[in-house]
Protein chains: 2
Amino acid sequence: MVRAADRAERPARTSVWLEGKARRSGAARGGQPSSLDRDRITEVTVRLLDAEGLAGFSMRRLAAELNVTAMSVYWYVDTKDDLLELALDAVFGELGLPDQDQDPDPKSESAGDWRDQLRTLASGYRDLLVRHPWVSPLVGTFLNIGPNSVAFSRTVQRVIRRTGLPTHGLSGAIAAVFQFVYGFGTIEGHSIQRSAAAGVTPDEYFQQAMSALKGAPGLDDVLQDSEEMMQARGGRTVEEMYERDFHFALDLVISGIEAMVLREGQ
Amino acid sequence: MVRAADRAERPARTSVWLEGKARRSGAARGGQPSSLDRDRITEVTVRLLDAEGLAGFSMRRLAAELNVTAMSVYWYVDTKDDLLELALDAVFGELGLPDQDQDPDPKSESAGDWRDQLRTLASGYRDLLVRHPWVSPLVGTFLNIGPNSVAFSRTVQRVIRRTGLPTHGLSGAIAAVFQFVYGFGTIEGHSIQRSAAAGVTPDEYFQQAMSALKGAPGLDDVLQDSEEMMQARGGRTVEEMYERDFHFALDLVISGIEAMVLREGQ
DNA sequence: ACCTGAACACCGTTCAAGT
DNA sequence: ACCTGAACACCGTTCAAGT
């Protein structure tokens, strides 16, 4: 935590993206390119985070992976948080957003249905959170002003404007969709991570958890309710259940947007 | 992270709540009560987490606060994670849920409107996440089967059943509401925490961030869009903006539930 | 039954020094 | 310009020992 003394000494860190200016980027001199640069460091960081999780990642572990001493990385990056911010924005680049200047007229028919576009963006974000479970805590921690996160926000805003919602409802609607996806993807990612850490499939883990809970006092009726809901959902695997819930909830939110458009329309 | 070797040695930790049985609880012998017990340890843990944040909390720091050596706590708790699970469930007890056996008939008029009940639960959960920003990462990490979290889930299920949704849509609707609240409260809590760490009010922090971003290339138009949306929202403080967005989004999701009820009704 | 002290294997980061 | 080594002030947890 930040204590008063720390605060007096230096301004609180805001973001890597608000740094002095372009950082040394390898291959500076005439010789062969240096083995290290921000891109390579970021790339290996993402790989390690995927493999070991946020808690398992350390500067020393990273340095070892780069065949370099622990402190070398600090030449390219001021703090571990800077590095995590870089990794975070890097994976936002995986999202594959639609070309942004194409179709400048939001009302044209060829612009495509906002519902489909919203579904694509939401699914992409969900997949990102599930593929990289360390993304979720970082999204909560940092300012998210890297180029790729900004491109994502920009795209989200553009699509939400197409709904026909009044301006005062835009940010609320964005929250309803993407904070839902954030929460959903976070929990789904953690659950997959947990079963992987236990060395079993999600389905096996689910069965184990269920039978472990069977014995616990006061939980039996909750379990019964859950099983009832699971039966009704009809999914045969855990993954299928997540899939059905996600799409039902997304349809629900989209219907909510349509209702708000009608309500505030006239 | 868990490596293969660790896995072979012992079964993966699941939850404090699935432990052998009741733990030593102070005042065991005839003399004056021991200074330590799980309740007191949990209480101090919550206080420290509130004050220092999840990153600032440590077993050694906790022991110091309890005027005890670092290892004493391990008599009452197996791991730090156990302790965090206890703290997590403890704050879920702050939610003040409606009495659960009252009004057993879900169709009776006096049961109250599910919309109001949903709003109460959602607001309570949001406040919890904002008041204790360390709750959010823990909700994502653990199984959430402590008595108070279970009571919360149970209440949520009961209210959602009153909407009239078909059974196969219940879990999706729960996700649409409470994963949204989870995401929203997480981000809101972090933003308040960030400004507090920087020693300024949320409004001051917001101004600072805005002017810092003014210089950054490629962000100007995003800023302009954001300012436009803020104008339209009409909130005068950051807190007011969060408030408006939250309630707009919640209304939106509730409208979505109503739409799904109608759609699947006949 | 409860608590301690020393130790192990880690952290992020600073700082002076090397090439 | 880039990298190293030693050091500082921390971690969670184990283990043998005390009372």
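Here the structure is a predicted model, which means the values were calculated and not measured. Values below: all heavy atoms of this structure, side chains included; hydrogens, waters and symmetry mates excluded.
As a whole-Å value, the separation of A:Arg38 CZ from D:dC2 P is 13 Å. Rounded to an integer number of Å, the gap from CG of B:Asp78 to P of D:dC15 is 13 Å. What separates CG of B:Asp82 from P of D:dT13 is a distance of 9 Å, to the nearest Å. Rounded to whole Å, atom P of D:dC15 lies 13 Å from atom OH of B:Tyr74. In this structure, the NZ atom of B:Lys80 is 9 Å from the P atom of D:dC11, given to the nearest Å. Protein atom CD1 of A:Ile41 is 12 Å distant from nucleotide atom C1' of D:dC2, rounded to whole Å. Computed from coordinates, the A:Arg40 CZ to D:dC2 P distance equals 15 Å when rounded to whole Å. To the nearest angstrom, C1' of D:dG12 lies 12 Å from CG of B:Leu84.
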Based on Watson-Crick and G-U pairs with both distances under 3.5 Å, what dot-bracket line describes DNA chain C 5' to 3', crossing pairs as [ ] and inter-strand pairs as |?
||.|||||...|||||.||

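Taking the centre of each ring, A:Phe178 and A:Tyr182 stay at or above the 6.0 Å mark.
Below 30°, between 30° and 60°, or above 60°: for B:Phe92 and B:Phe152 the angle between ring planes is between 30° and 60°, a tilted geometry.
Side-chain proximity of B:Met59 to the nucleotides C:dA1, C:dG5, D:dG12 is greatest for D:dG12. Listed nucleotides: D:dG5, D:dC11, C:dT4. Nearest to the side chain of A:Thr69: D:dG5. For A:Arg60, the side-chain atoms get nearest to D:dA7 when compared with the rest of D:dA7, D:dT13, D:dC2.
A gap of 22 Å separates the P atoms of D:dA9 and C:dA9, to the nearest Å.
Within 4.0 Å (heavy atoms only), A:Ser72 reaches at least one base atom of the nucleic acid. Using a 4.0 Å heavy-atom distance criterion, B:Met71 is classed as a base contact.
The phosphate of D:dC2 has neither OP1 nor OP2 within less than 4.0 Å of any side-chain N or O from A:Tyr76. At the phosphate of D:dC3, neither OP1 nor OP2 sits under 4.0 Å from any side-chain N or O atom of A:Trp75.
Looking only at atom types and distance, the side chain of B:Ser191 has a donor-acceptor partner in the side chain of B:Tyr242 under 3.5 Å away.
The side chain to side chain donor-acceptor pair (under 3.5 Å) test applied to A:Glu85 returns A:Arg13, A:Ser15, not counting sequence neighbours.
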Listing time: all N or O pairs from protein to nucleotides 17-19 of chain C that are below 3.5 Å?
none

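Taking the charged nitrogens against the carboxylate oxygens, B:Glu65 and B:Arg40 have no contact shorter than 4.0 Å, which rules out a salt bridge.
The structure places CZ of B:Phe246 at 14.0 Å from OG of A:Ser171, a figure rounded to the nearest 0.5 Å.
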